Amino acid sequence: MTQADAFQAIRDDALLSASLWINIALAGLSILLFVYMGRNVDDPRAQLIFVATLMVPLVSISSYTGLVSGLTVSFLEMPAGHALAGQEVLTPWGRYLTWALSTPMILIALGLLAGSNLTKLFTAVVADVGMCVTGLAAALTTSSYMLRWVWYAISCAFFAVVLYILLAEWAEDAEVAGTAEIFNTLKVLTVVLWLGYPIFWALGAEGFAVLDVAVTSWAYSGMDIVAKYLFAFLLLRWVVDNERTVAKMASGLGSASGGASPADD
């Protein structure tokens, strides 16, 4: 099918179309709100957290516009063994581009908040991108139903690395940095919601096809709203209210000094 056909199919499905447009609207409002919130932030580290976090709705509004226009949507014939074998299923593969570009920004913001060192930050971001790219491979593989699940398993393995860094490494770093309270709140929010993505992939048309495309799209969109926009608001509000705490964190990402830099003595 052509891009115009994909656009028409999305427009004709009111439930599916609404799940995309609501995110475009909320992403636009979030951009304006976050720019306003950060207007008086002066500390370089706090500014970097703002920039990383602001990129999340900026990426989302671009990606969801690609989806609703049919640009990043395809109709793929499901392989033998799939519940919808032989049928052409609408696959919004542009979501994986959103996740590959926006979720690393979330991790960068969390790593900066926790006072992580560069090695942990790099590992988390690379594993996260690997998770998204292999998830895309799972969604686009039509030659073999089994290989779709192999890609899915690889993606989950990358996800396990991200979870370990969030739950173990960065939780300890945040204790040292003095940001444990807000970090733990955002950590729980992130982990719980991010676990929902592979679950709904497995239940959706790309996996066992228990849920149809529109319902799955709403599940993804709902998780995006909370995991991105609400997450970003909570983080940025805390940074604005605690800019001095952020400023006193050791420079260089995760120095073992425990928070105060030499300039503070």
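None of the values given here were measured: they were computed from a predicted structure.
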Tell me, yes or no, whether the heavy-atom count around R39 atom CZ, taken from other residues, nucleotides or ligands under 6.0 Å, exceeds 12. yes
Under the side-chain contact (heavy atoms from CB on, under 4.5 Å) test, residues paired with [X] that sit two or more places apart:
| X | value |
| --- | --- |
| A227 | L193, W194, Y197 |
| A100 | C132 |
| T141 | S143, L147, R148, W151 |

Only counting residues at least two apart or in another chain, list the ones meeting ring-ring contact (aromatic ring centres under 6.0 Å, His included) with [X].
| X | value |
| --- | --- |
| Y96 | W99 |
| F122 | none |
| F158 | none |
| W238 | none |

Over all heavy atoms of both residues, which pair between V162 and D128 is shortest? Give the atoms and the distance, please. CG2-N, 3.7 Å
Is any side-chain heavy atom of V89 less than 4.5 Å from a side-chain heavy atom of V213? yes
Pairs touching [range] that satisfy salt bridge (Lys or Arg N to Asp or Glu O under 4.0 Å), sequence neighbours left out:
| range | value |
| --- | --- |
| residues 211-224 | R95-D224, D224-K228 |
| residues 63-90 | none |
| residues 22-34 | none |

Using a 3.5 Å cut-off and no angle test, enumerate the donor-acceptor pairs between side-chain atoms of residues 167-182 and protein atoms at least two apart in sequence or in another chain.
| from | atom 1 | to | atom 2 | distance (Å) |
| --- | --- | --- | --- | --- |
| E169 | OE1 | K120 | NZ | 3.1 |
| E169 | OE2 | Y164 | OH | 2.9 |
| W170 | NE1 | S116 | OG | 2.8 |
| D173 | OD1 | K120 | NZ | 3.2 |
| D173 | OD2 | K120 | NZ | 3.1 |
| T179 | OG1 | L113 | O | 2.7 |

Are V226 and L234 linked, directly or through intermediate hydrophobic residues, by side-chain heavy-atom contacts shorter than 4.5 Å (ILVMFWY only)? yes
Going by atom types alone, do D43 and Q47 pair a side-chain donor with an acceptor below 3.5 Å? no
Looking only at the side chains, is there a donor atom on one of T72 and W93 sitting less than 3.5 Å from an acceptor on the other? no
Result for ring-ring contact (aromatic ring centres under 6.0 Å, His included) between W201 and one of F208, F159, Y152, Y220 points to Y152
Can you pull the ring pair (Phe, Tyr, Trp, His ring centres under 6.0 Å) pairs that have at least one residue in residues 3-61, sequence neighbours excluded? none
Could you grab the distance from atom CG of L195 to atom CG of L163, nearest 0.5 Å is fine? 5.5 Å
Side-chain (T91) to main-chain (F75) donor-acceptor, under 3.5 angstrom: no
